[in-house]
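Sequence lines set the chain letters: A, B, ... in the order given, protein chains first and strands last, and positions in each chain run from 1.
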Amino acid sequence: MALKILTEHINVPGIKTLEVYRQYGGYRSVEKAVKTMSPDDVVEEVKKSGLRGRGGAGFPTGMKWSFIDKKSGNPRYLVCNADESEPGTFKDRYLMSNNPHALVEGMITSSYALGANLSYIYVRGELLYVIRILQKAIDEAYAAGYLGKNILGSGYDLDLHVHPGGGAYICGEETALIESLEGKRGNPRNKPPFPAVKGLYQNPTVVNNVETIAAVPWIVNNTGDEYAKIGIGRSTGTKLISACGHLQKQGIYEIELGVPVEEFIYSDEYCGGIRKGHELKAVVAGGSSVPILPAHLILKTANGENRLMTYESLADGGFATGTMLGSGGFIAMDETTCIVRNTWNFARFYSHESCGQCSPCREGTGWMEKVLYRIEHGQGREHDIDLLVDVAKKIEGNTICPLGDAAAWPVAAAIRHFRHEFEWHIRQPQEATQPGAVYREQVLV
Amino acid sequence: MSGYHHTTTTENLPTEHLNPVFTSENMAEVQVILKRYPEGKQKSAVLPILHIAQKQWGWLSSPVMDYVATMMDILPIEVYEVATFYTMFHTNPVGNYVLEVCRTGPCCLLGAEQVIDRIKERYNIHEGETSADGMFTIKPVECLAACGFAPVMQIREQYFEHLSVENIDALLDQLAATDPKTIGYVGNMPVDVK
């Protein structure tokens with residue numbers, strides 16, 4: 001059995017209660033941190049662990065923490081990003097609803113490291129039932145003296161609250177999340193200043209993903225060096241992968257970073273292969289915004305090496321032949337999947353979720369959606385493919401936040417690897433618009 | 001998107017939307033929420049308070065939003081601009097059940113579009129419309145973060161998973177025969193554990 005850090009005790013009956021959670025070693029990291037370590041010691045351990053942001057960007061967590069402005073003397077905040085909404089990703093919901101104290105403990109230990117006395121967990125509004133579960137865990141932690149004034153007699157104070165969103169993908173972007181937490185529309189802010197200097201209420205703020213924060217207690221208990229031994233190279237530790245689409249066993253899997261992609265898809269320990277009678281066509285490996293790869297490129301790199309579930313291996317080959325680990329939202333598609341339809345669907349998603357602040361994104365996402373719609377519905381024009389590539393290029397890098405990039409990449413990648421499917425839709429619309437019609441190699445031969 | 005317009009007239013509004021006031025239970029919850037934010041930053045509470053308002057009134061009419069603004073001591077526009085930005089808030093009347101079916105990629109790989117079509121056909125309605133009996137509003141939504149249990153639908157706080165054209169009719173029959181007040185607030189849902 002592979003090592004489990006985040007989900008080791010998740011199936012224990014009653015683990016949602018503080019009593020059972022503590023029987024399984026819960027809240028030890030709070031004791032250890034506030035009684036025996038300085039805040040900087042905790043930051044140092046997280047730095048040594050090599051832990052990287054699990055929300056998608058993969059930025060080193062310890063480094064992010066070290067940027068927080070401690071000199072100004074302004075109040076500091078830790079905000080947990082639980083606005084999980086990247087299509088294909090459903091790991092944080094699982095962790096929060098089944099093991100809420102893991103997040104609460106991580107929030108306390110991490111807030112201590114940052115010197116925050118007030119912290120929030122921003123949960124996407126749709127998950128109101130998860131908010132109730134978290135609130136119960138927080139109430140228990142207050143009653144047990146892990147939250148509130150003078151935690152465990154250490155002199156450290158912390159208040160922790162849950163805050164619901166209202167249904168907006170953009171609020172997963174950290175500055176949009178901060179705006180939303182201030183009670184405004186989720187329009188991302190220009191950076192700099194970064195949240196570490198001016199974040200929530202214009203005070204120094206760190207925003208971390210649920211899974212990132214839930215990994216901190218293990219690191220504090222077992223040291224950063226031990227955590228760094230798990231995984232391969234700069235991809236240390238374990239990662240939750242939410243696997244969906246045409247798989248035998250969809251679900252949430254905690255893997256040690258470095259598992260070969262082929263093993264993850266086909267072994268019975270993980271997804272158990274593609275659904276019966278079908279074969280793998282393509283994979284979106286890290287949530288809808290990362291480039292889609294055809295089966296041969298997801299299993300092996302362009303150089304013929306086995307592709308591994310690590311930040312580096314999945315990115316091998318750049319965007320020409322590689323992709324990204326992203327949030328770990330692993331979407332597998334079999335040969336019945338129409339790539340054009342799926343690309344249109346994702347384009348519609350980004351068009352719907354664009355906050356409308358930057359014109360390249362506001363106009364560009366809607367434009368791509370309309371062009372893809374007409375191709376999918378048999379009204380495509382010969383120059384439409386080049387038009388899509390052109391629009392995607394002009395969105396990418398030209399917006400305040402990464403939503404523009406996230407919208408451009410899936411369109412560009414689908415055309416890069418499946419151009420013939422778009423051409424088929426445009427040149428043979430009669431066939432392509434039949435219900436369930438999917439391009440097959442032999443069609444154009 | 002229909003959500004960008006809201007009714008500015010009080011004509012034809014149900015009586016509970018005229019001179020709206022939170023129930024004492026909801027007001028108590030609002031007071032607890034307001035204390036979660038630092039002094040002078042109470043505007044932060046607008047999203048959680050709007051969720052409570054929508055739970056009480058079903059949707060957010062102008063008088064309800066004005067009431068929230070007055071209560072929070074912020075401008076009405078500060079409430080309108082938030083209520084129209086976030087897709088969970090209904091700024092037009094809705095049926096007893098809002099069927100929020102996910103229409104994003106992973107759910108569509110496993111038949112979400114067919115489920116949505118079946119619901120529309122069953123009640124002879126378009127997206128955003130309500131069935132003639134006032135029971136069901138169909139509102140396709142973007143990813144609900146439950147892709148491994150696709151296709152997925154949300155009603156209030158509850159998720160309904162693994163939908164199909166085969167099982168959706170039975171589910172809707174069951175909902176139609178149940179007191180709407182009892183559905184959607186049960187809190188938990190099954191999650192496969194690996």
Side-chain angles (χ1 to χ4, degrees), chain A residues 7 10-11 75 84-90 92-94 97-98 118 120 124-129 132-133 159 161 163-169 171 180-186 201 242-246 249-253 270 284 288 329 331 333 337 341-342 345-346 348-349 352-353 355, chain B residues 1 33 35-38 40-51 55 72 74 78-79 81-89 100 102-110 112-113 141-150 152 154 156-159 184-189 191-194:
Chain A
T7 60
I10 205 159
N11 293 330
E84 180 170 58
S85 34
E86 174 86 3
T89 316
F90 47 100
D92 296 339
R93 182 187 76 139
Y94 165 70
S97 62
N98 293 32
L118 177 59
Y120 294 97
R124 65 175 296 178
E126 287 84 348
L127 301 181
L128 285 168
Y129 82 94
R132 292 185 204 291
I133 294 171
D159 282 312
H161 301 294
H163 181 99
Y169 167 76
C171 292
S180 181
L181 185 47
E182 292 183 0
K184 300 182 222 158
R185 296 164 76 92
Y201 310 130
S242 24
C244 65
H246 298 140
K249 296 190 292 171
Q250 305 177 50
I252 300 113
Y253 300 94
Y270 302 111
V284 176
S288 62
I331 312 168
M333 302 171 191
T337 310
R341 189 165 187 84
N342 190 69
N345 186 297
F346 283 164
R348 180 178 65 178
F349 172 83
H352 183 264
E353 299 300 331
C355 80
Chain B
M1 250 191 67
I33 287 168
K35 290 198 186 75
R36 290 179 182 161
Y37 307 95
K41 306 295 181 194
Q42 270 54 47
K43 187 181 167 177
S44 280
V46 67
L47 282 175
I49 291 177
L50 283 176
H51 281 297
K55 188 174 166 183
M72 293 184 69
I74 57 179
E78 294 179 272
V79 178
E81 67 173 3
V82 165
T84 53
F85 184 86
Y86 297 92
T87 54
M88 286 182 75
F89 298 116
E100 298 182 297
C102 174
R103 65 170 194 186
T104 316
C107 273
C108 288
L109 288 177
L110 295 166
E113 289 160 306
V141 294
E142 299 295 353
C143 190
L144 290 171
C147 320
F149 318 96
V152 177
Q154 177 166 31
R156 298 188 188 127
E157 293 182 25
Q158 197 171 347
Y159 277 44
Y185 295 116
V186 294
N188 215 342
M189 52 174 288
V191 173
D192 284 5
V193 172
K194 300 270 154 51

Chemist: What residue in B:V46, B:L110, B:V79 has the most heavy-atom pairs under 4.5 Å with chain A?
Modeler: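 Winner by heavy-atom pair count: B:L110.
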Chemist: Identify the heavy atoms of B:P106 and A:C244 that sit nearest to each other, and give their distance.
Modeler: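 Nearest heavy atoms, B:P106 then A:C244: CB-SG, 3.9 Å.
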Chemist: If we ignore hydrogens and angles and just use 3.5 Å, is the side chain of B:E142 paired with the main-chain N or O of A:E353 as donor and acceptor?
Modeler: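 Side chain of B:E142 to backbone of A:E353: no pair is present.
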Chemist: Is it the case that the side chain of B:H51 and the backbone of A:G165 share a donor-acceptor pair, with hydrogens and angles ignored and the cut-off at 3.5 Å?
Modeler: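 Yes, the answer is positive, given that a donor and an acceptor are paired below the 3.5 Å cut-off.
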Chemist: Mind listing the closest non-hydrogen atom pair of B:E157 and A:Y129 along with its distance?
Modeler: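 Result for this residue pair: O-CD2, 3.8 Å.
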Chemist: If you define the side chain from C-beta out and look only at heavy atoms, does anything of A:I331 sit under 4.5 Å from B:C147?
Modeler: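 No. Closest side-chain heavy atoms not under 4.5 Å.
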Chemist: Hey, which of A:E84, A:M333, A:R124 has the most heavy atom pairs under 4.5 Å with chain B?
Modeler: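 Ranked by contacts with chain B, first place is A:R124.
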Chemist: So, the side chain of A:H246 versus the backbone of B:L109: is there a donor-acceptor pair under 3.5 Å, distance only?
Modeler: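 Checked: pair present.
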Chemist: Is any side-chain heavy atom of A:S85 closer than 4.5 Å to a side-chain heavy atom of B:C143?
Modeler: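 No. Closest side-chain heavy atoms not under 4.5 Å.
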Chemist: Checking heavy atoms, do the side chain of A:L128, its backbone, both or neither come under 4.5 Å from chain B?
Modeler: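 A:L128 touches chain B through backbone and side-chain heavy atoms alike.
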Chemist: If you tally heavy-atom pairs under 4.5 Å against chain B, which of A:P75, A:S180, A:C171, A:S242 wins?
Modeler: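 Going by pairs under 4.5 Å, I would pick A:S180.
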Chemist: Do any N or O atoms from the side chain of A:R341 and from the backbone of B:C108 form a donor-acceptor pair under 3.5 angstrom?
Modeler: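 Not confirmed, A:R341 side chain does not pair with B:C108 backbone.
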Chemist: With a 4.5 angstrom heavy-atom cut-off, could you sort out which part of A:T337 is near chain B: side chain, backbone, both or neither?
Modeler: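 A:T337 touches chain B through side-chain heavy atoms alone.
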Chemist: How long is the span from the NZ atom in B:K35 to the NE2 atom in A:H161, to the nearest 0.5 Å?
Modeler: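 Nearest 0.5 Å value for the NZ-NE2 distance: 11.0 Å.
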Chemist: Which residue out of A:G183, A:G167, A:G166, A:G88 racks up the most heavy-atom pairs below 4.5 Å with chain B?
Modeler: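 Between A:G183, A:G167, A:G166, A:G88, the count favours A:G166.
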Chemist: Can you tell me which portion of A:F349 sits under 4.5 Å from chain B's heavy atoms? Options are side chain, backbone, both or neither.
Modeler: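 Both the backbone and the side chain of A:F349 come within 4.5 Å of chain B.
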Chemist: Looking at A:Y201 and B:S44, what are the two nearest heavy atoms and their distance?
Modeler: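 So the minimum-distance heavy-atom pair works out to OH-OG, 2.6 Å.
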Chemist: Which bit of B:Q154 is near chain A, if near means a heavy-atom gap under 4.5 Å: side chain, backbone, both or neither?
Modeler: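 Looking at B:Q154, just its side chain touches chain A.
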Chemist: Do B:Y159 and A:L127 have side-chain heavy atoms sitting under 4.5 Å apart?
Modeler: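 Yes, their side chains come closer than 4.5 Å.
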Chemist: How far apart are the closest heavy atoms of B:A145 and A:F90, and which atoms are they?
Modeler: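 Closest pair (atom of B:A145, atom of A:F90, distance): O-CB, 3.1 Å.
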Chemist: Using a 4.5 Å cut-off on heavy atoms from C-beta on, say whether the side chain of A:C355 contacts that of B:F85.
Modeler: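 B:F85 vs A:C355: side chains touch.
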Chemist: Just by distance, do the side chain of A:N342 and the backbone of B:G105 share a donor-acceptor pair under 3.5 Å?
Modeler: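 No; judged by distance alone, with no hydrogens or angles, the pair does not exist.
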Chemist: Between B:K41, B:R103, B:Q42, who has the most heavy-atom pairs with chain A when the cutoff is under 4.5 Å?
Modeler: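 Heavy-atom pairs under 4.5 Å are most numerous for B:R103.
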Chemist: Can you find a pair of side-chain heavy atoms, one from A:E126 and one from B:V141, that are under 4.5 Å apart?
Modeler: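 Not touching, per the 4.5 Å side-chain cut-off.
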Chemist: Do B:Y37 and A:H163 have a side chain donor and acceptor closer than 3.5 Å?
Modeler: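 B:Y37 vs A:H163: donor-acceptor pair found between side chains.
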Chemist: At a 4.5 Å cut-off on heavy atoms, which part of B:E113 comes close to chain A: side chain, backbone, both, or neither?
Modeler: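 Looking at B:E113, just its side chain touches chain A.
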Chemist: So how far is it from B:K43 NZ to A:K184 NZ, rounded to the nearest 0.5 Å?
Modeler: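 So the NZ of B:K43 and the NZ of A:K184 are separated by 6.0 Å.
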Chemist: Return the minimal non-hydrogen interatomic distance between B:T84 and A:R185, and the atom names on each side.
Modeler: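 Heavy atoms only, the tightest pair is OG1-NH1, 3.7 Å.
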Chemist: I'd like to know if the side chain of A:Y120 and the backbone of B:R36 have a donor-acceptor N/O pair within less than 3.5 Å.
Modeler: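 Yes, because the side chain of A:Y120 sits within donor-acceptor range (under 3.5 Å) of the backbone of B:R36.
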Chemist: Would you name the heavy atoms of A:P87 and B:T104 that are closest together and state the gap between them?
Modeler: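 The answer is CG-CG2, 3.6 Å.
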